[in-house]
Each structure stands twice: as C-alpha cells, then as structure tokens.
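Everything below concerns the one structure shown next.
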Amino acid sequence: MRSTARMVASAALGGLVLLCLPSLAAAQAPQVQAVTHVASLAPGSILGTVQDEKGAPVAGAMVSALGTTSAFAVTDRAGRFELRTLSPGPYLVRAHSSGFVASRGQIVDVRPSARSASSIALRHSPTPSILTSYPVAAAGFGPLVDAAPAPSDATGTAGTTDTTDDHGDIAWKLRHVRRGILKDATVTDELFAGLPAGADDFGPQGFGSKTLGSPGHFATSFFSDTPFSGQVNLLTTGSFDSPQQLFSNDNFSRGIAYLALGAPVGEHADWTVRAALTQGDLASWIVAGEYTTRAPARHRYDIGLSYSTQRYEGGNFAALQGLTDGSRNAGALYGFDTFSITPRVTLTYGGRYARYDYLDGQSLLSPRVALTIEPADHFRVSTMLSRRAVAPGAEEFMPRMDAGIWLPPQRTFSSVMTGRPLQAERTNHMEVEVERDVASATVSLRAFRQHVDDQLVTLFGMDLPGAPAALGHYFVGNTGDVSASGLSAGVRAAFAHRVHGSVEYSVTRAQSVPSGESTYLLLLAPLALRPDRERIHDVSTSFETEVPETSTRVVVLYRMTSANSRAGAAGSTSPVLPIDSRFDVQVRQSLPFMDFSSAKWEMLVGVRNFFRDAAADQSIYDEVLVIHPPKRIVGGLTLKF
C-alpha cells in the first residue's frame with residue numbers, strides 16, 4: 001500500500017510538470033533567473049541520545065525541535081536520534097515517550113554546516129504508586145476494600161504525605177472521580193484496565209472499559225500522547241515613510257493574531273497548520289496547511305494549500321474601485337517530490353496552482369524541475385528549470401511560510417490605469433549552480449538566464465486623480481518584456497564566534513521591450529521605464545548573531561543594487577541617482593521570566609523596506625521595480641511551545 005501511494009503521488013506530480021512543459025518549449029528566448037535573492041545559510045543538524053534515569057537507552061521516543069523550522073525524529077534501539085536540514089538558530093528540543101514523563105525543553109543552538117549534540121534524560125512515569133496511593137469513594141465500584149490507614153508520627157497524629165503534585169493522565173482521572181458518601185476504597189490496576197473487581201457488579205465489559213474506552217478518553221489520550229509543537233504571535237504592524245509618521249495619524253497600523261500548530265505523522269512525516277487574522281478597515285485572514293516527509297527517504301513529499309481573503313471597508317476611492325464586491329480571494333495548492341535516484345543524484349519536480357478571483361485569467365500554474373548531482377563529497381552541481389506565474393498583489397495573499405513573521409493581507413492595491421484589467425507576470429527561468437563546502441563555509445557560483453512576459457511594476461506614494469496617496473494602498477502595472485542573463489558568486493559561513501551569514505554578488509545584462517503602458521508609467525515614475533539595454537550590479541548580504549548572556553538574537557538582511565542608478569547607462573540623460581538599497585532588521589529578545597513548563601516567550605521587533613520575499617526563480621526586476629516602498633515595522637510577543 002505504501003509503495004502504491006508513493007507511485008500515485010509521484011505520477012500526479014509528474015503529470016503536473018508535463019502539463020506545462022510545452023509552454024516552456026514555446027518561450028522565445030532562453031529562460032533563466034537572475035540571482036537577486038539573499039543567499040541562505042547552510043543547514044545544520046542535531047544529533048543526540050535519549051536515556052532513562054538509569055542511563056539505559058530509550059527506543060521509540062519522539063524527539064521534536066522547534067525553532068526557525070520544525071523537525072521530528074524517532075530514536076533507534078540505542079536511543080540515538082538525528083534531526084537534519086535545520087536552518088541555523090536556536091531550537092527548543094524535547095523528548096516524549098509512552099510510560100515516561102515528558103522531558104523539559106532544552107535550547108540547542110544549530111550552526112551552519114555543523115552538528116550540534118544534545119543528550120535528553122527521561123524518567124519513568126510513577127504509575128504504580130499513583131494507582132495504590134489515591135483513595136476514592138467506593139460508591140459504584142463494587143466490593144469495598146478498606147484503605148490502609150495513614151501512617152502516624154510519634155505523637156499519634158497523621159504523618160505528612162508527599163506534597164509532590166503529579167500531573168500525569170491517571171492522576172488527573174483519579175482526582176476527578178465522582179465523590180460519594182461511602183467509605184474510601186483503593187482503586188486497583190484491574191479497575192483501570194477495565195477488568196471486573198467483582199463479576200456480579202461489572203458484567204462482561206467492566207466499568208473501566210465503558211468509561212476509559214469511550215471516545216472522550218480516546219481524544220484525551222490523543223492530545224496527551226501526541227507531541228504537538230506550535231507558535232502564537234500577537235503583533236502590531238505599521239508603515240511609515242519618515243520617523244515623524246510613526247507618531248501621526250498617517251501611520252498605517254493594525255493588530256495581528258497568528259497561530260501555528262504541528263505534529264509528527266508516524267515516524268516519517270510532519271504536518272503543520274497556520275492561520276492569521278487582522279481586523280480594521282481592511283479585514284483579512286489566511287489559513288494554510290502543509291505535509292512534509294522527513295529525510296532520509298527515497299521520496300520526500302512537500303504538499304500544501306492555502307486560502308486567503310481581504311475585505312476593505314475604508315474610504316479610499318482607488319481601493320473601492322478595484323473591488324467588485326468589496327472583497328478579494330485567492331487560493332493555492334502545491335506539491336513537490338524530491339526523488340533520491342541514488343545517494344548522490346536527487347531530482348525535485350512539482351508545481352504550484354493558484355487561483356485569484358480578481359484576474360481575467362484566474363488560474364495560474366507554476367511548474368519547476370531541479371536536478372542535483374554530488375560527484376564528490378562536499379561538492380554539488382545543480383540545475384533548475386521553471387516557469388513562474390505571479391499575480392499582481394500576490395504578495396498580499398501568499399506570505400512566506402518559513403519565517404517567524406507571518407502576516408495576513410495587509411494592504412490594498414489597484415491598477416495604475418483605471419479600468420484596465422490586472423495582468424499576471426510570467427517568468428521562464430533556467431540556472432546552473434556549483435557549490436563547494438570548504439571547512440565550515442560554502443562557496444557557490446551560478447549562471448542564469450531568464451525571459452519575463454509582462455513584467456510587474458509596483459508604485460507607492462502616487463497621487464492620481466481621485467486617488468490620493470496612501471501608505472496602505474499601492475498601484476500595479478506592466479512595463480513590458482525582459483530578457484536577462486548573468487553570473488553570481490557567493491559565500492556563506494561563520495565569520496566570527498557568534499556571527500554567521502552570507503554575501504552574494506551578481507552582475508546581470510538585461511534587455512527590455514516596453515509595453516503600451518510605458519508612456520503613462522514614465523509620467524508617474526520615470527524609474528519604472530527601463531533602458532533598452534543595461535547592466536545591473538547587485539550585492540546581497542545576510543548576517544545573524546546571538547548574544548547568549550542576554551538571550552538576544554539579531555538578523556540583518558541588506559541589499560544594494562545599481563538598477564535604479566542611471567549613471568553609465570548608454571545614451572541616458574537621466575540625472576545620476578544613488579545606489580538603491582533594501583533592508584530587513586529583526587531583533588528577538590527571549591523573556592525567560594515569562595516561561596512556564598516547556599513554553600518560551602520572545603519579544604519581537606522588526607523593520608524592513610523589502611516589499612517581496614526572495615524566490616529562487618523570480619524576475620531580476622521584481623524588487624527593483626517596487627518604487628518608493630514604505631518602511632514596515634512589526635512588534636509584539638511570540639510564544640513557542
């Protein structure tokens with residue numbers, strides 16, 4: 001059955017790719033992508049053992065790690081486990097096994113391209129002592145059994161009992177047994193197992209089997225035995241162009257609630273559900289779910305779906321004009337299969353299907369195929385071919401799912417030309433990359449080529465007739481077609497004892513063909529109209545540091561590009577403009593005085609003017625053609641459990 005399910009899933013994903021390969025072949029120019037995204041850090045892993053209080057290994061224990069990503073593993077006969085492909089950062093690690101008291105959470109710091117060690121100790125659940133030490137009323141329990149008298153001290157008074165408060169499942173049930181007026185009786189193991197203490201009183205089923213075997217008991221057992229992990233964010237977000245706007249009525253701000261919950265599926269997969277909600281003149285929400293197969297596995301499936309909606313009840317005329325019935329809705333479904341053909345050859349294929357109710361062509365399909373070969377240890381060669389379809393405003397409905405800050409739709413948008421329907425952007429992309437691990441660093445070199453149809457442009461702060469500029473609203477249009485090719489080189493490593501990150505440099509040659517909207521866009525935003533030919537230099541950096549003395553973690557993303565500097569452009573008469581820069585700064589401060597049990601509290605503050613999150617196959621102009629993006633500030637509390 002398992003092999004059949006894998007064949008069906010693989011066939012479905014393969015069919016999704018084959019369905020769109022003809023459109024790739026029909027592209028007029030070779031397709032590839034420029035490297036405009038920030039290089040990611042090399043993943044690490046956590047390796048360790050689980051033992052009981054006597055030092056004996058615990059087999060079959062479930063180990064979970066919650067941090068930047070979530071991961072689960074099951075210990076082998078020797079009590080060993082390994083959590084692989086973890087993004088660098090701190091993780092809350094716990095172990096859970098039937099018959100044992102769940103371990104207290106411990107923080108393990110994962111470094112890039114390194115293994116972190118963790119040893120977890122479990123103690124056996126004190127079930128036998130519980131069953132013999134909790135006297136309860138004997139009414140309804142059959143024959144009475146006299147409870148042993150409490151021990152007395154030398155003065156003849158009752159001795160003190162152990163004040164340790166047990167919170168186990170059986171102890172809870174005993175404390176909540178219905179009270180009666182009859183004398184106390186000791187509840188035996190047979191009673192809890194559903195075996196009759198007296199055949200005449202219980203019958204063939206037994207009282208215990210009728211109560212503890214009920215659906216309610218199954219639900220209680222499910223929630224107590226399943227090692228759930230999750231995250232709750234209570235955030236406030238706002239946009240501003242100048243520091244003065246932070247304290248004025250022009251600040252665009254609202255509150256957000258976010259919840260994520262995940263758990264393992266057996267020993268080889270995990271599921272996660274997420275939801276976010278915001279309320280105000282723009283009421284919006286989003287729900288999403290994903291199912292992933294854990295490594296090692298020959299087929300690693302990554303399947304998910306999401307649905308989002310926004311409803312505007314404000315007074316911005318441009319926003320109201322773009323909404324036919326006062327709301328917009330979008331949904332997406334994706335599926336990918338990472339197939340390990342051999343230990344050194346991996347094929348990833350699949351696609352994403354999205355539907356937007358505000359587009360004329362509402363359905364968008366984005367297939368992708370990638371092949372990675374490892375001819376030698378610490379040396380990899382990979383290639384990717386994709387066709388990516390992006391709807392105007394898609395960033396409002398499909399937020400990133402791998403980040404700590406996860407926001408529902410936040411802003412409204414409309415067409416830059418009144419009455420003109422919104423049109424999707426399509427990018428055909430192809431690239432080849434070589435990576436080499438050197439000590440604790442990874443060096444990469446990439447060549448790319450791409451062709452873009454109907455390149456999107458996003459305009460903030462535009463004062464159009466009947467549509468005054470607003471921080472919470474932007475305009476979208478299409479500038480034309482783009483062909484580009486280039487090279488990039490990068491390195492990611494630990495640069496100091498507490499600092500690790502990445503640096504990537506790329507140079508791209510681009511050629512643009514304007515569309516019918518170009519003249520109108522030139523009047524509104526000259527930077528939106530690209531030269532016929534241009535060379536773009538781009539530097540992207542990512543740094544992360546942690547201060548254990550204060551439990552503080554800082555993440556900084558910074559990008560500089562020459563795309564909006566017209567100095568040196570052939571035949572350009574435009575004034576010299578400074579280098580354009582985008583940034584994202586996040587500060588996370590742990591609040592240990594608020595922690596309880598294994599739950600951890602954090603305070604989060606983030607400021608960014610990145611408009612879109614980087615994607616491996618996005619157009620080189622996707623972020624460049626976001627004109628005058630406002631800064632966004634996010635702050636609040638995060639609870640991880």
Side-chain angles (χ1 to χ4, degrees), residues 44-67 70-86 90-111 114-134 161-174 187-195 212 217 220-229 262-270 294-297 595-600 640-641:
S45 61
I46 299 177
L47 181 68
T49 59
V50 178
Q51 299 175 334
D52 62 13
E53 62 269 27
K54 297 181 180 180
V58 179
M62 183 67 68
V63 182
S64 63
L66 178 64
S70 298
F72 301 90
V74 178
T75 58
D76 58 16
R77 294 182 178 179
R80 295 189 298 263
F81 69 90
E82 183 173 7
L83 301 163
R84 303 181 181 179
T85 62
L86 299 177
Y91 283 81
L92 178 66
V93 181
R94 292 185 299 171
H96 183 280
S97 183
S98 177
F100 292 85
V101 177
S103 68
R104 300 182 65 87
Q106 56 179 272
I107 301 299
V108 178
D109 191 22
V110 176
R111 298 295 183 184
R115 286 184 174 182
S116 301
S118 175
S119 180
I120 304 176
L122 294 177
R123 62 183 179 89
H124 286 82
S125 177
T127 301
S129 61
I130 294 174
L131 292 178
T132 57
S133 61
Y134 279 81
T161 59
D162 186 7
T163 59
T164 302
D165 188 11
D166 190 273
H167 297 279
D169 183 56
I170 297 177
W172 184 91
K173 295 169 187 172
L174 289 169
V187 180
T188 62
D189 293 348
E190 289 79 7
L191 181 60
F192 262 94
L195 298 178
L212 303 184
H217 172 259
T220 303
S221 177
F222 172 77
F223 284 103
S224 62
D225 294 341
T226 303
F228 287 102
S229 61
V265 181
E267 300 180 0
H268 306 289
D270 308 303
R294 290 197 298 267
D595 294 346
F596 60 92
S597 183
S598 59
K600 303 296 179 183
K640 296 180 180 179
F641 57 90

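Note: hydrogens, waters and symmetry copies are ignored here, and every other heavy atom, side chains too, is used.
- M62 has its side chain out of reach of S97: every pair of non-hydrogen atoms, C-beta onward, lies at least 4.5 Å apart.
- Between R77 and A59 the shortest heavy-atom distance is CA-CB, 3.8 Å.
- Of the charged side-chain nitrogens involved, none lies within less than 4.0 Å of a carboxylate oxygen, so that R123 and D52 do not count as a salt-bridged pair.
- Pairing each heavy atom of E82 with each of S45, the nearest pair is OE2-OG, 3.9 Å.
- For the pair P57/R80, no side-chain contact is recorded, criterion being any heavy-atom separation below 4.5 Å from C-beta on.
- In this structure, Q51 and L122 have side chains that are not in contact, with every pair of non-hydrogen atoms separated by 4.5 Å or more.
- For the side-chain contact (heavy atoms from CB on, under 4.5 Å) test, residues two or more places apart in sequence or in another chain that qualify with L92 are I107, K600.
- Scanning all heavy atoms of the two residues, the minimum distance from I120 to Q106 falls at CG1-NE2, 3.6 Å.
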Quiz prompt | Verdict with supporting geometry, D270 and V265, side chain to side chain contact (heavy atoms under 4.5 Å, CB included) | solution = CA-CA 5 Å; D270 308 303; V265 181; 5.9 Å; no
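- Annotation: side-chain contact (heavy atoms from CB on, under 4.5 Å) contacts of T75 (sequence neighbours excluded): V50, A61, V63, F81.
- Nearest heavy atoms, A73 versus L83: CB-CD2, 3.4 Å.
- A heavy-atom distance below 4.5 Å is found between the side chains of F72 and S229.
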